[in-house]
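What follows is a set of notes on a single structure, which appears directly below.
Just so we're on the same page: letters track the sequence lines, and every chain starts at 1.
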Amino acid sequence: LAKTTQPISMDSYEGQEVNITCSHNNIATNDYITWYQQFPSQGPRFIIQGYKTKVTNEVASLFIPADRKSSTLSLPRVSLSDTAVYYCLVVRNTGTASKLTFGTGTRLQVTL
Amino acid sequence: GAVVSQHPSWVICKSGTSVKIECRSLDFQATTMFWYRQFPKQSLMLMATSNEGSKATYEQGVEKDKFLINHASLTLSTLTVTSAHPEDSSFYICSAPHLAGGYEQYFGPGTRLTVT
């Protein structure tokens, strides 16, 4: 599976939009891009998943360019409670349960 | 949404003893579940894939005789850490795919194991 690279940490003020970019140069045709959020001492929580172009849900947007070699998770108007680690994963759609390989993640710190 | 639970949420045991951690899918069936380990300030590391009705498959470097996995039913997988040592102290997390597609997974809340 394609290895992902994302910034180790980011800082933001409350109310700002935060964009976290992930690179996955070796992504394959059957691969999807998925983002998870993890708070300390909790299991990760699924945020959003996409294949190409733009996907939006109630908490975030995911932008994927045409070559799919990168993706950007956009969190609108972050609050203190968005302080967490965000993981970008490439997952292969094989029709059965897929193993998830977590990279280092991006530690987002939101302050007032 | 789908819920995955783990029990216990934390456990302290003495070196040399065994500890069993349960992972349950509460409102859906999971023929496959995954077990991860996470050390402080580090990412999740996949340990093994738990398969209902068959043997678990372990990732490279994970001792299958030390980390026993049993997928007893479509809603329950257990991880037993045998002959625990202090270096086994970690945060253990399980996950289960919600649907057959597999790319959206639901994670349990984790189990904090401390071996003294």
Side-chain angles (χ1 to χ4, degrees), chain A residues 1-9 22 24 27-52 55 57-60 62 64 71 84-107 109, chain B residues 1-6 9-10 21 23 25 28-52 56-60 62 71 74 77 90-114:
Chain A
L1 286 174
K3 184 178 178 181
T4 60
T5 303
Q6 52 184 121
I8 291 185
S9 65
C22 175
H24 26 78
I27 193 168
T29 304
N30 281 355
D31 294 341
Y32 285 73
I33 299 143
T34 309
W35 286 79
Y36 283 81
Q37 175 193 54
Q38 187 183 25
F39 297 112
S41 296
Q42 294 187 26
R45 183 177 72 101
F46 173 86
I47 301 175
I48 198 166
Q49 169 252 318
Y51 185 81
K52 61 181 179 181
V55 179
N57 61 22
E58 61 275 9
V59 298
L62 180 59
I64 306 168
S71 60
V85 178
Y86 293 82
Y87 294 97
C88 164
L89 291 87
V90 170
V91 184
R92 184 149 298 166
N93 183 12
T94 62
T96 58
S98 302
K99 294 195 295 187
L100 299 183
T101 301
F102 285 81
T104 57
T106 297
R107 192 173 297 273
Q109 179 69 52
Chain B
V3 177
V4 174
S5 71
Q6 285 184 238
S9 56
W10 60 270
I21 302 170
C23 176
S25 54
F28 66 102
Q29 294 182 337
T31 56
T32 302
M33 292 182 177
F34 301 95
W35 286 96
Y36 298 82
R37 179 167 56 180
Q38 185 175 35
F39 293 107
K41 302 289 187 184
Q42 293 187 23
S43 185
L44 286 79
M45 185 190 77
L46 179 65
M47 298 176 67
T49 302
S50 174
N51 304 299
E52 191 270 337
T57 53
Y58 292 80
E59 296 300 302
Q60 191 172 15
V62 178
H71 202 130
L74 288 171
S77 173
S90 187
F91 193 53
Y92 292 85
I93 310 170
C94 69
S95 74
H98 182 217
L99 297 171
Y103 40 77
E104 178 176 349
Q105 296 204 17
Y106 290 88
F107 285 80
T111 297
R112 175 77 58 193
L113 169 64
T114 302

- So, for B/Leu46 and A/Leu100, which heavy atoms are closest and what is the spacing to 0.1 Å? CB-O, 4.3 Å

- Item | A/Tyr87 versus B/Gln38, closest heavy-atom pair with distance | OH-NE2, 3.5 Å

- Item | Shortest non-hydrogen separation from B/Ser43 to A/Phe102 and the atoms involved | OG-CB, 3.2 Å

- Contact part of B/Gln42 toward chain A, heavy-atom cut-off under 4.5 Å: side chain, backbone, both or neither? backbone

- Run the numbers on A/Tyr36 and B/Leu44 for side chain to side chain contact (heavy atoms under 4.5 Å, CB included), then give the verdict. CA-CA 12 Å; A/Tyr36 283 81; B/Leu44 286 79; over 6 Å; no

- Task: Could you check which of A/Pro40, A/Gly105, A/Gly103 has the highest count of heavy-atom pairs closer than 4.5 Å to chain B?
- Result: A/Gly103

- Task: Could you walk me through whether B/Ile93 and A/Gln38 pass the side chain to side chain contact (heavy atoms under 4.5 Å, CB included) test, one step at a time?
- Result: CA-CA 12 Å; B/Ile93 310 170; A/Gln38 187 183 25; 3.8 Å; yes

